Structure formats: structure tokens, C-alpha cells
Protein chains: 2
Amino acid sequence: MANEHSGTSGEQRESKARRRDAAATRAAILASAIAAFARHGYDGIGVREIAQDAGVTAMLVNRYFGSKEQLFAEAVDTSFAPRTVIPEDPPALARELARRLVARTAPGAETLDPFLLMLRSAANPRAAEIITQGIERHAGRALANLLDGDAAAQRAMLANALIAGVWLFRTVLGVDALARADPAELTVRIERMLAAVLNVPGEEA
Amino acid sequence: MANEHSGTSGEQRESKARRRDAAATRAAILASAIAAFARHGYDGIGVREIAQDAGVTAMLVNRYFGSKEQLFAEAVDTSFAPRTVIPEDPPALARELARRLVARTAPGAETLDPFLLMLRSAANPRAAEIITQGIERHAGRALANLLDGDAAAQRAMLANALIAGVWLFRTVLGVDALARADPAELTVRIERMLAAVLNVPGEEA
DNA sequence: AGTTTATGTCTACGTTCGTAGACTTAGTGG
DNA sequence: CCACTAAGTCTACGAACGTAGACATAAACT
């Protein structure tokens, strides 16, 4: 029961026992941080747990990232970087966004989304600043560039606001009326709300 | 500079120096807790600060409410209890909800809303459970009762989801595209989104 | 092989947290 | 006037937090 001196027993969940490789270790810490911040939020997780999930000790985290706050900043920046492409024409856009949202927020889906990281870390003022920068730099701009008409940034953010609210109620809180709703029905309603702000006025289908 | 033995110096922000009155003290603690949880979230505030703002010591909080968690539960229940009446017919409902939301989330408004308490405390799992109960018991039901058509609870929660998202982006995070938007323009867009889910289908104005 | 350097760990510090138990003070009835 | 009880405070503990500095070890170069 004493502390095993060798790392052969399953302490870290990341991989087997990484040989000394700075880049790989850094990446493992960052991946562990992204997952942990999404699951527990900035204030809900400690550097010791993040380090353990990456198979290292807490001090190495600070040696690679400077501080917990800087680690969070890099986690946000990485997590919010767009990965998936989205259709360009607004009607298909609203439909696709609604479809993906409902699928990813399904109960028991265990998805780790930037929106989760945002929702669970926004209470901390310093974390909120970092998140705001990430949102404006990545998610907001990517969506706004696809929109026609004026006030594209504002309309894109309103769409993101609805998406964030659905994430909050369905996944973070688990409110029954949304979490246990019929997926198809829910998708249609969200699509209508998104279309009301994404589509250019004058062509409501 | 020593600790003053009498309470005449302005330590507590609540009132002057309340004489021994159990009910008033309890109410002061609860009011302080509601404000503190809305401003900093469940994990962002300590019972010592809550107590100090109410003009008492930390131990009295636990003597009146049992624990921080039970204090939070009572704060949620009190904060979410509906106070303002809302119009009954759906078109006016969407308009009024949008108007109030934009007004209350205006930059520098310093409003303390249950939605703020929810957003800043949702990261903590125990707090999330308590909030979910509060939402379903108060905010969800009040709105759903006003809606015609089927799936009233689901549609009411989608409206709440959008409202929560706007609170998040405008007030908690301070995203420019929404926080610095023209209020009238923003109100119209939110009203359209709300109408898309609140109004019964078939009569889009 | 031997030395150097990057890579990772150990111990420990100062705070802050929620809260438990003993103590003190103010108001009230005899 | 005195005792009794409700109202409130003081001290303290055990745990968890971020992180700083000294130390250990594995890989690489000559």
C-alpha cells in the first residue's frame, strides 16, 4: 500500500508510461486540462488532478505552462479552435447547427465541448476574461463570416447564446423538459429559433 | 487598529447595527447570500464573506441554515420565486421578455438576477442539482402555464435557454457583439427568436 | 565511459475553506 | 435583583489549494 516508486501501476489514465518526451508530455497535460476544465470548470479542478490524469506530478504542469491560469488560457485557445466545417447557406446552416447540438447534448453522450468548458468556468472572473477572448476570436468570428446581411457578429453571438443555453439546461443542469425531450422535435424547434436570427430577414420559409 | 469591540464602525454593509432579532438576522444573512451567490457563484464566495456582509460571524450562518449547501438551497428557492407578472398572450409575451432581458442585462446595470446565480453556480454538481429543482419548480412552470399548444414545458425551457445564454454573453462574459449592441436592435432580434418558439405555429406575424 | 543537460519528482510553505465545540453577551421573566 | 434562555462570537482543526526551491534521474553527446 506504500507509494510505488515505479510508474508501472495504473496511476495515470493517459497512456502506458511515456518515455521522456517534452512535447508529448506537454500535449498530454494540455489534453488532460481541456477534459478536466470541461468536466469540472476552472475552480472545480486542481492542478494535482490534472497532472495525475496526464501521468505526471503537479509541479511539471507549472514548469510547462507557468501557472494554472496560463494553462487554462492555452486550454481555451486549443479547445475553441474550429475543427469541423459547417455549411455555408443559412437555411442549411441553422438545420445543421440544431442537429449537431441536439446530438452532442444527448444524455449520456459524455461529450467534451468548448461550450461545457465555458459554462463551467465562467464564474471565475479571470477565467471569464480568457473565455471571452477565445469566443470572440474563434467561435464568433467563424460563424459571423458565414452570415450575409448586417450585424453579422451580433446575430452569430445570439445563435451562440441559444446554443450555450441549451448546453446548460440539457447537459450541465439536466433539466428534464429539454434533457428528456424527443430529439427530432427539439431539433426542429431549435432550428426555427436559429433561423429567426441567422437567415436574412424577408425570406422566412 | 485593534479589533473594535463594539459594532459601531462600519463592518457590515447591511444596516446600522441590528439589535438581537433572530428573524431579521436570518433574513439579512439570506439576502446577503443571494447577492453573493449571484455575484460570485457557489464556489466563488465563502461563508465568512456572506456573514460579514450581513453583519454577523460565519458560525451564525451555519447555526441558522445548517450548512453552506442548505443556505444555497434556500437562496435559490427564494431567488427563483416569481415576483413580476408577465403578459399572457404570446406575441406580447415574447416582446416583453425580450425588452426586460435587454434592459436588465445592460452593461453597468448591476442587477442581481436568478439567472446570474444559476450561471455562476452551475459548475458545482451539488449546486447544479439544487438549481435544476429551482428552475423546474419556479421559472419553468410559471412560463409553461402561459403557453398554448403542446410541449409547453419544452418550449418554455427553450425560451429560458436563450435568455440564459444572453445573460451569459452580455453580463457574465461581456462579449462585445452583444454587450455593446444597440438595445433596440438587439431586442427585436431576441423577440423574433422567442416568438419562434413561444408563439403557436401557423401565425407568424 | 563520463559528463552534461533536459526532464521529472519531493518536500514544504502560506492561504483559504467549511464547520465543530466551548464560550460570552443581551434580553426577559421571576 | 437575579437567574434563565436565546442570540451571537472565539478559537481551532483538518483538508485542499497554487506554487516555489531543492533534489533525483534518464537521455544524449563527446
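The shown structure was predicted, so the numbers you read here are calculated from the model rather than taken from an experiment. Below, read A as the first sequence line, B as the second, and so on, with proteins coming before strands; counting in each chain starts at 1.
Near-neighbour residues of DNA chain D inside residues 34-46 of chain B, defined by a heavy atom below 4.0 Å, are absent. Across residues 69-77 of chain A, not one residue has a non-hydrogen atom less than 4.0 Å from an atom of DNA chain D. Non-hydrogen atoms lying under 4.0 Å from DNA chain D are contributed by nothing in residues 116-134 of chain B. Within residues 59-68 of chain A, the residues that place at least one heavy atom under 4.0 Å from DNA chain C are, in residue-number order, A:M59, A:L60, A:R63, A:Y64.
In terms of position on DNA chain D, the residue among B:R48 and B:A22 whose nearest nucleotide sits closer to the 5' end is B:A22. Projected onto DNA chain C by closest heavy-atom contact, B:V47 and A:A58 fall at different nucleotides, the more 5' of which corresponds to A:A58.
Atom pair B:R26:CZ and D:dG8:C1' shows a separation of 16 Å (rounding to whole Å applied). Rounded to whole Å, the distance from CD on B:Q52 to P on C:dG18 is 14 Å. If you take CG of B:D21 and P of C:dG27, they are 11 Å apart, rounded to a whole angstrom.
Every residue two or more places apart in sequence or in another chain was checked for a side chain to side chain donor-acceptor pair (under 3.5 Å) with B:Q133, and none qualifies. Judged as a side chain to side chain donor-acceptor pair (under 3.5 Å), and not counting sequence neighbours, the contacts of B:D113 are B:R104. Residues satisfying the side chain to side chain donor-acceptor pair (under 3.5 Å) test with A:E136, not counting sequence neighbours, are none.
Taking the side chain as every heavy atom from C-beta outward, B:Q154 and A:D182 never approach each other to under 4.5 Å. Using a 4.5 Å heavy-atom cutoff, the side chains of B:L71 and B:Y64 are not in contact.
From B:L173, atom CG reaches atom CD1 of A:I135 across 7.0 Å, with rounding to the nearest 0.5 Å. In this structure, CD1 in B:I29 is found 11.5 Å from CG in B:D53, a value given to the nearest 0.5 Å. The distance from atom CD of B:E88 to atom CG of B:N145, rounded to the nearest 0.5 Å, is 10.5 Å. Taking CG from B:L60 and CZ from B:R26, the interatomic distance works out to 11.0 Å, rounded to the nearest 0.5 Å. Atoms CD and CD1, on B:E74 and B:I130 in that order, are 11.5 Å from each other to the nearest 0.5 Å.
Residue pairs meeting the ring pair (Phe, Tyr, Trp, His ring centres under 6.0 Å) criterion with at least one partner in residues 125-145 of chain B, sequence neighbours excluded, do not occur; the list is empty. Within the structure, the side-chain hydrogen bond (donor to acceptor under 3.5 Å, both in side chains) test picks out the following pairs touching residues 34-45 of chain B (sequence neighbours left out): B:D43-B:N124. Applying the ring pair (Phe, Tyr, Trp, His ring centres under 6.0 Å) test to pairs two or more places apart or on separate chains, none has a residue in residues 83-110 of chain A.
Not one side-chain nitrogen or oxygen of B:T57 sits closer than 4.0 Å to the OP1 or OP2 atom of D:dC10.
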- Where protein sits on nucleotides 24-30 of chain D, one letter per nucleotide: B base, S sugar-phosphate only, - none, heavy atoms under 4.0 Å: -BBS---

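One N or O on the side chain of B:R155 and one on the backbone of B:V197 form a donor-acceptor pair closer than 3.5 Å. Looking at B:T187, its side chain never comes within 3.5 Å of a backbone N or O of B:R99 through a donor-acceptor pair.
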Using distance only, find each side-chain donor-acceptor pair of residues 157-171 of chain A under 3.5 Å and give its atom names and separation, not counting sequence neighbours.
unit_1: A:R170; atom_1: NE; unit_2: A:L178; atom_2: O; d: 2.9
unit_1: A:R170; atom_1: NH1; unit_2: A:V102; atom_2: O; d: 2.9
unit_1: A:R170; atom_1: NH1; unit_2: A:T105; atom_2: O; d: 3.4
unit_1: A:R170; atom_1: NH1; unit_2: A:T105; atom_2: OG1; d: 2.8

